[in-house]
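In the text below, chain A, chain B and the rest are named by the order of the sequence lines, each starting its count at 1.
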Amino acid sequence: MRCRALQPYLDAAARRGLLSVDTETTSLDEMQADLVGGSLCVEPGQACYIPLGHVTGIADDLLGEEKRAENQMPMEEALALLRPVLEDPAILKIGQNLKYDLKILARHGLHVAPIDDTMLLSYAQAAGLHAHGMDALADRHLGHQPIPIKTLIGSGKSAIGFHQVEIDKAAPYAAEDADVTLRLHRVLKPRLAPSRAATVYETLERPLIPVLARMEMHGIKGDRDRLSRLSNTFSQKMAGLEAECHDLAGQSFNLGSPKQLGEILFDKMQLPGGSKTKTGAWATGADVLETLAAEHGSDLAARLLDWRQVSKLKSTYTDALQTHIHPETGRVHTSFSLAATSTGRLASTDPNLQNIPVRTEAGREIREAFIAEPGNLILSLDYSQIELRILAHIADIEALKQAFREGQDIHALTASEIFGVPVEGMDPMIRRQAKAINFGVIYGISAFGLSNNLRIPRDEAKAFIDAYFAKFPGIRTYMDDTVAAAKAQGFVETLFGRRIHTPDITQKGPRQGFQQRAAINAPIQGSAADVIRRAMIRIPPALERARLSGKMLLQVHDELLFEVPEAEADKTIEVVREVMESADAPACKLATPLVVDAGRGESWAAAH
DNA sequence: CATCTCACG
DNA sequence: ACGTACGTGAGATGC
């Protein structure tokens, strides 16, 4: 398994035109990880491991000394040998979650192409059906259970780094990963065949890997002092609110414990409206506390809500984000998962930069800590109402399509249609209700959900929905057809052919409604996800053609963030907007125009 | 490690 | 009669 002579493997890869690759490192964080070794596989059962950064010695003993393990090729020598193969346009490099390895190797100056990714081959064919991690795929497609990493590095606090694993133990593990990856490719690639799934993989999945890798490595500048000052402000607010809450409760308790809070509100204070969660605990969610504050004048509930908001902002954002500012780059490097959602959306982790606060003033201040370098600007470009536009297209609703063509206020138009009031001088509350209905439609509307959201009686919500369907009967047809297709085929599709499987929709039981609403939502949410993926793939070459140096930094589902030199801001907005607004064509030209709003500023807050 | 809660689109 | 708005990730609590 261990690689004594690398060149014969590389020659075999060149002859064959493909090989699988896997890197071993000291961390799951690609921006912090050190390369420890690499494995290659050209023929099943013949994988090899190249140890590069293993050490010997006792790490947990201050007196112990770490020494470089013997019989390892110098890093530079290995990279020089690998470069002609990993960068050869005629040799396909196969990996499992290859974005990870691409980033590690890019930090060593290696730019790997062309590529195939077994995780994404699986995702393009089986989203919604099963997991796409290597262990799951190996078990499912090869009936094989790979060596668990735990057996090498341990787990929890006592876990060691991969560089501390003995080479003789590391080699079989690492080589197996490359071997399994190659064998998975042999199963999954042919299965793709000529199909819409193949087009999805080739046009929406694979090309996004290097785009995301570059975005993640670039990161976004974080203002540590600003976050730190906000943390201090939040601490003081929390202390004041905590004292008030203890006073109002007549006792000291942990404000962060829903259990203790529920007991105080409903057992001790005997407030009405208590309900239990499915595990029998008192429910103390924001909706419950808001009702207690509004309808029963509970100051404790009101103050608790304030405390929760500040506590959330501090722990999840101002405290945690500081730890995610890279010590060398001064930037926050998130990781985008390509295969985490059933619908085709990306997911952001470590940290999640797709849920940075925006809806409250205190929250917005956190966005002021995401800034541009001096002389640069943050640009934000976001699709306006993309999901409703896609719904209008898919369900073919002439009135909605026309409204979007004419640039009308879609929520006001909906209100006008279903409540029979003129758009001019409309009561904002009426528009707000129509907006909730429009969102509800995207989510697979129910009287229960709408009544909850608008805090109106269930029968009133039902009347709204009935009025909506009377005006837009095509929406109900779309919903019925979509559920029927999901039941008949076991999947639904986006406009671009992405399949979202719905294996549980035919099962009877309490979760049926849930499955049906998910099936209704998936083509809408998924098509929007496809559109922005297409834009993201086209933007880097479009910027290059226009000789623009700006960098794409983040994607937040319908929004893209850039950092650009001030002098290039206008032109960059022009170029990016054109790409985004035409990202549906030519594969699937929407009957509604795509509209992109743009903003700029020295921070994310200012650009929004 | 499950549960609850809450941040986003 | 049931039990729900769709899709996520993360932090704190408490078993």
Side-chain angles (χ1 to χ4, degrees), chain A residues 127-128 156 253-262 275-289 304-305 307-321 323-324 334-337 340-360 362-364 366-367 382-388 391 436-454 458 461 465 479 492 500 508-526 528-529 532 554-559 604 608:
Chain A
F253 70 105
N254 182 351
L255 272 62
S257 166
K259 184 168 176 279
Q260 295 179 34
L261 175 64
S275 64
K276 299 282 183 83
T277 65
K278 60 174 177 281
T279 55
W282 291 114
T284 68
D287 51 341
V288 174
L289 299 188
L304 214 298
L305 279 167
W307 182 88
R308 279 214 183 137
Q309 193 202 34
V310 181
S311 166
K312 179 79 175 181
L313 296 180
K314 181 174 187 297
S315 66
T316 307
Y317 299 104
T318 55
D319 286 352
L321 284 171
T323 72
H324 282 285
T334 187
S335 179
F336 289 104
S337 314
T341 71
S342 58
T343 56
R345 273 193 178 180
L346 304 180
S348 162
T349 65
D350 307 308
N352 182 355
L353 293 186
Q354 291 182 321
N355 73 347
I356 301 301
V358 70
R359 292 173 188 173
T360 64
R364 266 192 294 279
I366 294 168
R367 293 193 173 211
D382 68 284
Y383 283 108
S384 165
Q385 308 283 7
I386 186 168
E387 292 192 348
L388 278 177
L391 174 67
I437 295 170
N438 278 333
F439 274 108
V441 167
I442 289 167
Y443 296 153
I445 201 161
S446 72
F448 182 91
L450 186 64
S451 75
N452 242 357
N453 188 281
L454 286 177
R458 184 107 54 108
I465 294 168
M479 291 181 161
V492 293
I500 299 105
K508 300 277 175 240
R511 293 180 61 76
Q512 250 215 326
F514 179 83
Q515 299 292 334
Q516 291 179 3
R517 290 191 298 276
I520 289 165
N521 173 260
I524 304 167
Q525 187 184 118
I532 197 165
L554 297 176
Q555 187 247 47
V556 192
H557 308 307
D558 63 358
E559 172 189 16
W604 192 355
H608 209 270

Answer yes or no: does a side-chain N or O of [X] lie under 4.0 Å from OP1 or OP2 of [N]?
{"X": "A:Asn254", "N": "C:dT13", "answer": "yes"}
{"X": "A:Ser348", "N": "B:dC8", "answer": "no"}
{"X": "A:Thr277", "N": "B:dC4", "answer": "yes"}

*Could a donor-acceptor pair under 3.5 angstrom be found where the side chain of A:Arg345 meets the base of B:dG9?*
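Answer is yes: a donor-acceptor pair is held.
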*Any donor-acceptor N/O pair under 3.5 Å between B:dG9 base and A:Arg359 side chain*: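 A donor-acceptor contact between them is present.
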Distance between [atom1] atoms of [N] and [M] (Å, rounded):
{"N": "C:dG3", "M": "B:dC4", "atom1": "P", "answer": "15 Å"}
{"N": "C:dC2", "M": "B:dA7", "atom1": "C1'", "answer": "30 Å"}
{"N": "C:dT4", "M": "B:dT3", "atom1": "P", "answer": "14 Å"}

_Interatomic distance where CD1 belongs to A:Ile465 and P belongs to C:dT4 [whole Å]_ =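 Taking atom P of C:dT4 as the reference, CD1 of A:Ile465 is at 17 Å.
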_From CZ of A:Phe336 over to C1' of C:dG9, roughly how many Å is that when rounded to an integer?_
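After rounding, the reported distance stands at 13 Å.
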*Does a side-chain heavy-atom distance below 4.5 Å link A:Val556 with A:Leu353?*
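Side chain of A:Val556 against side chain of A:Leu353, heavy atoms only: no contact under 4.5 Å found.
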*Could you tell me whether a side-chain N or O of A:Arg345 sits under 3.5 Å from a main-chain N or O of A:Gln525, the two making a donor and an acceptor?*
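Side chain of A:Arg345 to backbone of A:Gln525: no pair is present.
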*Closest to the A:Ala518 side chain, choosing from C:dA5, C:dG11, C:dC6*: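 For the A:Ala518 side chain, the nearest candidate turns out to be C:dC6.
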